[in-house]
Amino acid sequence: MKPRSYQTRALKELEAADWTGLLRLDVGFGKSAIAAWAAQKAGAESVLVIAPKRTQLGWEKTFNMLDIPLRAATKANKKEKANLDALFSGEPGYYWMTWELARSMNVELRYDGRKRRNVRKSVRNPFNGRVFDMLIVDEVQKMSHHQSQARAVVSRIAAKARLALSATPAGNQPVRIWSTLNLLWADKYPAFGRFSERHFDWEPNPYADYVIPGTDKVIQGKTWGAEKRPGFVRSVAPCWIEATPEEQAEVAQEPPVRHVIPVGMGAEQRRIYKEWEQQALAWLEDHPVAAALPITKEIRLRQATLGTPTVNEDGQVVYSPTSKSTKIDALLDLLEDMPPKEPVIVWTHSQRFMVPLLAQLRKAGYKAIEVSGRSKDSYTDLIDGRAQILCAVPEAMAEGTDGLQAVCATEVWLSLSTSVIINKQARGRIARQGQSRLVNSYLIQATDTIDDRVVGRLDDRFTALKESGFID
């Protein structure tokens, strides 16, 4: 395997920056291959790759093509447990580890003055203080919140060189780019507060005010907005690597064709939605300063747009296999107009809505499977032809899945994730290098509902991120 022209350029820029930098490249540009070549060219003997769980096979495949043994350090089996022990004991080698395990194995109970109790915090010297020749952080936006435990752990890992990989390094808010910059160049970007106030707009958020324990001093809460000078933060970063327009054209394919299918709601579904909407409006009247609904109330409204729900004795929203849903009806109509056995991915943010979705698809004669936090089905069933319809929760399948583009060119969204990043990554499962057909993306949207608000909010977030050059 030889580097493409843009990968060669990236390697030269990384070498000039002592092998520390950000690869802000979209799907299909071979970020993992560039990272593997970089480790090899830097002469690294001890390397740690931290990545999402579903990416393990992809990383192993990339390193194998370069004849570099990559040791998965997990708790899955005896061999990988031995790799985990070797990692913590300081044995040289190239190691791969999940975000979850890297975080959970490097925390301890310590007293938190703000919460006034012992809480789990990052240890001061992760991995027993060993120093890696190179740290490779895949999907770095997973630590974009500056107060997250993941950031606290990963930023403390000692390494001579660091690579951050992500098409969307700022996560969902432009200001969160600080976490990535601090990971790579802590001396240049030491403090979140100073950085954020200098470069980003903000407005007061009284619900985030913090009273210092034992005093009357109040630290004002803030809601961060767009970059004051869009593109400036990116322009002064020491080693920010992204594709040029010419390089994008080399890799890119035709963008997906977007279709919006508006639907109404059945009488009972609309009645429930209106009732819950009135409850939400009553809350807003009691809290006039609030800019947004509490997440629990917004979740209920979103659930009501999917199908006719019920509330169980525990107060949880659930669906029955036969729940009426105009979105499922529209999906079935759409499938009837497609070629027989055409593979399709159906996305919904709600794991609970999988119950009526799968039941009604199977009743209509489709081989449907589920990929979510609770399912045991595998996306490879669609690739291998054992299933025709893959129903997935975006958060469960937005990362680390490759090969779907070889068999599937159609996706249907019944509801979007509230994360701009997750939606973009999910769409990249089939709209990526290796796709030979034009991709069609359908959004089935309930009109005059919170669906409209969610779409508008996501568009605003995407615009702010794009203006700063943190997303394509």
Side-chain angles (χ1 to χ4, degrees), residues 4 6 25-31 58 167-168 242-263 327-349 357 361 364 366-369 371 379-394 396-417 419-445 451 455 458-459 462-463 465-466 471-472:
R4 293 190 175 191
Y6 58 84
L25 298 169
D26 219 327
V27 292
F29 278 86
K31 294 188 291 291
T168 52
E242 56 186 40
T244 65
E246 294 76 20
E247 291 165 346
Q248 288 176 343
E250 180 183 342
V251 173
Q253 55 188 48
E254 289 293 319
V257 178
R258 303 281 179 87
H259 313 264
V260 177
I261 301 176
V263 296
K327 289 194 174 185
I328 293 180
D329 292 342
L331 170 63
L332 292 172
D333 288 343
L334 183 61
L335 292 174
E336 285 185 7
D337 293 335
M338 294 181 186
K341 298 183 178 181
E342 175 71 16
V344 176
I345 298 176
V346 179
W347 301 99
T348 175
H349 81 283
L357 178 59
L361 282 170
Y366 296 100
K367 292 182 179 179
I369 59 172
V371 174
Y379 73 93
T380 57
D381 287 350
L382 193 75
I383 298 173
D384 298 337
R386 292 190 294 270
Q388 180 187 351
I389 311 294
L390 170 54
C391 301
V393 173
M397 206 180 76
E399 301 166 339
T401 51
D402 194 19
L404 290 167
Q405 71 273 25
V407 298
C408 181
T410 304
E411 63 177 9
V412 182
W413 291 79
L414 302 183
S415 59
L416 296 162
S417 167
S419 167
V420 174
I421 307 311
I422 293 296
N423 292 330
K424 177 176 172 59
Q425 291 176 326
R427 288 191 171 108
R429 296 311 94 200
I430 58 175
R432 63 190 295 153
Q433 192 173 18
Q435 177 60 259
S436 60
R437 295 187 288 164
L438 188 64
V439 173
N440 282 283
S441 180
Y442 298 86
L443 172 62
I444 300 179
Q445 187 170 337
D451 275 5
V455 170
L458 290 171
D459 287 344
F462 182 87
T463 299
L465 290 164
K466 189 173 180 65
I471 196 171
D472 290 325

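Below, each value reflects all heavy atoms present in this structure, side chains not excepted, and no hydrogens, waters or symmetry copies.
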Cationic tip of R429 above W347 ring, under 6.0 Å, 45° of axis: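 Here R429 fails the 6.0 Å and 45° test against W347.
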Distance (rounded to the nearest 0.5 Å) between [X] [atom1] and [Y] [atom2]:
| X | Y | atom1 | atom2 | answer |
| --- | --- | --- | --- | --- |
| H349 | I422 | NE2 | CD1 | 13.5 Å |
| D333 | I261 | CG | CD1 | 9.0 Å |
| N440 | T410 | CG | OG1 | 5.5 Å |
| S441 | I430 | OG | CD1 | 7.0 Å |
| Q388 | I369 | CD | CD1 | 11.5 Å |
| I444 | S415 | CD1 | OG | 10.5 Å |

If you apply the rule side chain to side chain contact (heavy atoms under 4.5 Å, CB included), what do you find for W413 with N423, and how did you get there? CA-CA 10 Å; W413 291 79; N423 292 330; 3.5 Å; yes
Minimum-distance pair of heavy atoms, taken over all atoms of [X] and [Y]:
| X | Y | answer |
| --- | --- | --- |
| E336 | Y366 | N-OH, 4.0 Å |
| Q445 | D451 | CG-CB, 3.7 Å |
| A398 | A426 | CB-N, 3.9 Å |
| V439 | A431 | CG2-CA, 4.1 Å |

Between the side chain of Q405 and the main-chain N/O of G403, is any donor-acceptor distance below 3.5 Å?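 Indeed, once roles are kept as given, a pair shorter than 3.5 Å links the two residues.
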Under 3.5 Å donor-acceptor, T244 side chain and E247 backbone: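 Looks like yes, one N/O pair under 3.5 Å.
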Would you check if [X] and [Y] make a side-chain contact, meaning some heavy-atom pair closer than 4.5 Å?
| X | Y | result |
| --- | --- | --- |
| M338 | V344 | yes |
| L332 | L361 | yes |
| V412 | I345 | no |
| L335 | I389 | yes |
| L382 | C408 | yes |

Testing R432, M397, Q435 for side-chain contact (heavy atoms from CB on, under 4.5 Å) with L404, which one passes?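 That would be M397; it is the only one of R432, M397, Q435 passing the side-chain contact (heavy atoms from CB on, under 4.5 Å) with L404.
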Before giving the answer on salt bridge (Lys or Arg N to Asp or Glu O under 4.0 Å), spell out for R437 and E342 the whole-Å C-alpha distance, their side-chain angles and the decisive distance to 0.1 Å. CA-CA 13 Å; R437 295 187 288 164; E342 175 71 16; 3.1 Å; yes
Evaluate the side chain to side chain contact (heavy atoms under 4.5 Å, CB included) criterion for residues V346 and E411: first the C-alpha distance (whole Å), next the side-chain angles of each, then the deciding distance (0.1 Å), finally the verdict. CA-CA 6 Å; V346 179; E411 63 177 9; over 6 Å; no
Parallel, tilted or perpendicular: ring planes of F29 versus Y6, cut at 30 and 60 degrees: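 It falls in the perpendicular class, over 60°.
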